[in-house]
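Proteins get letters first, then strands, A, B, ... in listed order; numbering begins at 1 in each.
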2 protein chains.
Amino acid sequence: MLYTPNLQSPSHLPVYIALYEAIKRDIVGGKLRPSDRLPSIRALAKNLSISTTPVETAYQQLIAEGFMESRPRRGFYITQLPDSYGKLTLNDTPSSSLNFIPPEDAAPVYSYDFHMSKNDFISFPLRTWRRLLNHTLLEEYEELLYYGDPLGEAGLRKELAAYLYRFRGVVCRPEQIVIGAEQHLLMNYLAITMKDLSPGVAVENPCYPLIPFAFQAQGYELFPVTEADKGILISRLRDTPARIVAVSPSHQFPGGRVMPFHERLELLEWAKENHAYIIEDDYGGEFRYYGQPIPALQGIDLSANVIYVGGFSQILAPDLCIHYMVLPEALLEPFHKIRRRLMFELSSSRIYQRALQRFMEQGHFEKHVRRMRNLYRKKNRKLADTLEAQFQGVGEVINAEAGLHLLLKIRTPASEQEMVDAVRPNGIRVAAATPFYSDGKPHSEEKKFIIGFGGIDLEKIEEGVSRLRELWNPYV
Amino acid sequence: MLYTPNLQSPSHLPVYIALYEAIKRDIVGGKLRPSDRLPSIRALAKNLSISTTPVETAYQQLIAEGFMESRPRRGFYITQLPDSYGKLTLNDTPSSSLNFIPPEDAAPVYSYDFHMSKNDFISFPLRTWRRLLNHTLLEEYEELLYYGDPLGEAGLRKELAAYLYRFRGVVCRPEQIVIGAEQHLLMNYLAITMKDLSPGVAVENPCYPLIPFAFQAQGYELFPVTEADKGILISRLRDTPARIVAVSPSHQFPGGRVMPFHERLELLEWAKENHAYIIEDDYGGEFRYYGQPIPALQGIDLSANVIYVGGFSQILAPDLCIHYMVLPEALLEPFHKIRRRLMFELSSSRIYQRALQRFMEQGHFEKHVRRMRNLYRKKNRKLADTLEAQFQGVGEVINAEAGLHLLLKIRTPASEQEMVDAVRPNGIRVAAATPFYSDGKPHSEEKKFIIGFGGIDLEKIEEGVSRLRELWNPYV
DNA sequence: ATGGATTTGTCCGTATGTATG
DNA sequence: TCATACATACGGACAAATCCA
């Protein structure tokens, strides 16, 4: 018998959206199972007495978000959900001077740009965003032009709390969320707030150094407690006087390692035993492509003190300038004392915040997250497969299961920088990884490269990798 | 055949009203029956040789009154006639002004809000701003969604440099300007940059403590070097080990004192002699209402090291989240070292920055500055005059020549807070000034209040002051 | 097995209410 | 007021896949 989605609401909603929702419900609810075939566009349209267009549009939407796939001229089929529904989105930008590419530098336009922090803005929902922005500007500008809550708009924080729970397993009240324009800004306030709690901060090595450096600038000593691409050694952690540890369990930088669950538990145990604090940078948290989604540290054990840090730069656009941290209850009072004294002021546009709130309320955000994850998953797979094939025997791809870049390991006496420079004139951009290792041995035979796939077209990946392989032929 | 309403009267009536009447007639008369479909807007417009707008307006009118309904993207259909037909027409809608009830959440509305940092957004150039924003969003979003120069958009910095020179006498290259979302953010980076230059910061007392606190949080000691509402004593400055002094010469907070020219020269002399640095917070610099404009310290003597600090919150709107500092040449290298290490990232929306750049390029900004200065001048004069008159003999207005607030001095044994609280229930908001004096003597007979005029309507000032005077009668 | 008919995903031109400039 | 762009819906053309006499 023909499957027919249950379009309950006659509703003012556009038909294709109602359809999309109904089918999604049936997929998530299990009524439609992997590899089930959906009715053909025409059949369903006829059944529902509508034209084919809304059906087609709804199907396309579901395909973009990874719920189903099209087999041309054969039908539409439900996909295997690679991870449980609704558990992943994107995280915060690998922010920083690393990200900005000055105009002169961008001049020799890269034909194959494997920069690690380029995002794919082809799918940026510009029209929706513009509509919401204009609507906000017209309807609420009088109110929103004034100063607002320095912690961020209450409405946005509420949406954010709900989202973080659903997608990242973060458990918090909106009151625990602090919104700010930039990660350093938030981390600086945090460092000031925690000054009496610890003389230093335990950090990963290598790591993305923004958080460590923010704390160092406030006078904290840094204690590296990991070996390259290995897990945290709790014993080594115990040897330091640090009562704060900063980690990025979703996607360790730059290796891409995902902290396994048991290690998370150990870390939380350490924190509880020592009344210590964990700063969880959820960089790459939303972009996990394979395997079970691992919930954020923050939500695993609420009796441990975890500060969860994230933002919208990577998942939506850096232009929003909206980042956030989730404070544990224990830090709320101290933080508010500090922020009042330092006259902490709002730093993210209220109009943007309100538009983003609407964007989330209306479900655009979750759709976008799924769409982007799906897109990046494809790119990630293509890149990993192509690299494996092309560099068989001489190189190795490691930890390509999350984030917007992967690591390519090559044994060669040549220097990383030399090899990076060699391909640049040919329009290929890749980056050396060793500079991020504080004990980096640049003379080791084992060289590592950061290959990003966010900004490059899916179709250009194979070609780009082939060119890279050719150009590196002399070195391997 | 296409239904066409009978527009008999060539008439003086607006087309859309004639149309509305004609269609209504046909509905009431039974020519159009329930669930009949009306011609599409374009079809009817073409048929009548008019534009679509009147047709649409007429349709909307009829929808609002329940005669027909819109089925999005399908057409307009006649509804069942509301049974109350004949009781409701467009024209006997009750006058809204009598029945209008303000929304609940506007509850703690102040009838007379003398808050010091409220701005007047009545003259905010919303249409222009929206146009520029939309234009930027449409034309340049691809470029601007991505990370940009952490120092701020080059184009905006260029415009800003030109503006600062013309309006404030600040002499700088665009490369000396750093743009950020929030003052604390910039001041924190500055404090880190200058850490080796001075063990402490000389500050005014009283002052707006944002900058001092930002430095204190970085471990600097604070040395107050002024007496209430007096000038800086260079001798006292010399007694401190501080090689940095933070001042707000345009409008000393909260007293409103403007630093006279000779004092500026002395201060610059001190800085040169001691290779010291002056942080010039030009808070309120644009709002000087009487006398010769005094140029910013920064431009008076380029051989002294002055960091000029400003922003767009007051002059345009806090929502922009765009602040800036102008670094002296000597600090450029050290600053860039720090910002690279700390991974200083852009924190103000590029789209906003670009829109603001256009706003300045097209001359809107200077017009706006002049318009606002003019408006605030009127308010300032009215407030000062009224206060002088009403509080004759018991109070005194001081330094009402700049900024968005003035100071009212009253001799009374009552506490400032008590008096502030006494008027609040009556819808009047003023603030106590003593909390800003680090050596504040709350028990002195001389009480000071901060009376802002930015957010209150010009017409309500007299009334508000009168109410204030009455309510404070018991205290003076 | 086969060739024509049917089904199917895809693509496109058009219509129409709505938003924006 | 007018013109344009956008979101949504309709219906048909096309070619590949599938089905059937």
Next on the checklist: Can you tell whether the side chains of A:Arg358 and A:Glu140 come within less than 4.0 Å, N to carboxylate O?
Outcome noted: yes
Checklist entry - In terms of side-chain heavy atoms of A:Arg74, which of D:dA9, D:dA17, C:dT18 is nearest? => result D:dA17
Checklist entry - Roughly, in whole Å, what's the span from CD in A:Glu56 to C1' in D:dG11? => result 12 Å
Checklist outcome for this item: From the candidates D:dA9, D:dG12, C:dG21, the one with an atom nearest any side-chain atom of A:Asn134 is C:dG21
Next on the checklist: Using side-chain heavy atoms (C-beta onward) and a distance below 4.5 Å, is A:Arg33 in contact with A:Ile78?
Outcome noted: no
Checklist entry - Within 45° of the axis and under 6.0 Å from the centre of the six-membered ring of A:Tyr112, does NZ or CZ of A:Lys460 qualify? => result yes
Checklist entry - Rounding to a whole Å, what distance do you find between A:Ile41:CD1 and D:dC10:P? => result 14 Å
Item to check | Among D:dA17, D:dA7, C:dT18, the nucleotide that comes nearest once only the side chain of B:Phe76 is considered | outcome: C:dT18
Item to check | Interatomic distance where CG belongs to A:Leu126 and P belongs to D:dA5 [whole Å] | outcome: 15 Å
Checklist entry - Should B:Ser349 and A:Tyr352 be marked as a side-chain hydrogen bond (donor to acceptor under 3.5 Å, both in side chains) after you check the CA-CA gap, both sets of side-chain angles, and the distance that decides it? => result CA-CA 10 Å; B:Ser349 158; A:Tyr352 271 22; 3.1 Å; yes
Checklist outcome for this item: From the candidates D:dG11, C:dT18, C:dT8, the one with an atom nearest any side-chain atom of A:Ser51 is D:dG11
Checklist outcome for this item: From OH of A:Tyr16 across to P of D:dG11 the rounded distance in Å is 19 Å
Item to check | Distance in angstrom units between A:Lys46 NZ and D:dA9 P, rounded | outcome: 21 Å
Checklist entry - Considering only side-chain heavy atoms of A:Ser70, which listed nucleotide, C:dG17, C:dT10, D:dA9, is closest? => result C:dT10
Checklist entry - Is it true that B:Arg42 and B:Glu56 make a salt bridge, defined as a side-chain N closer than 4.0 Å to a carboxylate O? => result no
Next on the checklist: How many whole angstroms separate atom CH2 of B:Trp129 from atom P of C:dT20?
Outcome noted: 18 Å
Checklist entry - Going through the checks in order, is the ring pair (Phe, Tyr, Trp, His ring centres under 6.0 Å) test met by B:Phe312 and B:Phe365? => result CA-CA 11 Å; B:Phe312 290 90; B:Phe365 186 62; 5.5 Å; yes
Next on the checklist: Nearest to the side chain of A:Arg131, heavy atoms from C-beta on, is which of C:dT20, C:dT18, C:dT10?
Outcome noted: C:dT20
Checklist entry - Taking for each residue the nucleotide of DNA chain D bearing the nearest heavy atom, is the 5' side occupied by A:Arg130 or by A:Pro72? => result A:Arg130
Next on the checklist: Considering every strand and a 4.0 Å limit on heavy-atom distances, what is the contact class for A:Thr57: base, sugar-phosphate, or nothing?
Outcome noted: nothing
Checklist outcome for this item: Out of D:dC10, C:dG17, C:dT20, minimum distance to the side chain of B:Arg42 belongs to C:dG17
Next on the checklist: Distance check needed: C:dA19 P versus B:Leu133 CG, whole Å only.
Outcome noted: 19 Å
Next on the checklist: Among C:dT16, C:dT20, C:dT10, which nucleotide has an atom closest to any side-chain atom of A:Gln60?
Outcome noted: C:dT10
Item to check | Proximal nucleotide (of C:dT8, C:dT10, D:dC10) relative to the A:Arg37 side chain | outcome: C:dT8
Next on the checklist: For D:dA9 and A:Thr53 - does any side-chain N or O of the residue sit under 4.0 Å from the phosphate oxygens OP1/OP2?
Outcome noted: no
Checklist entry - Closest nucleotide of DNA chain D for A:Arg127 versus for A:Ser49: which of these residues is on the 5' side? => result A:Arg127
Next on the checklist: Heavy atoms from C-beta onward define the side chain here; which of D:dA7, D:dG11, D:dA15 lies closest to that of A:Arg73?
Outcome noted: D:dA15
Checklist entry - What's the CG-C1' distance between A:Leu137 and C:dA19, to the nearest Å? => result 14 Å
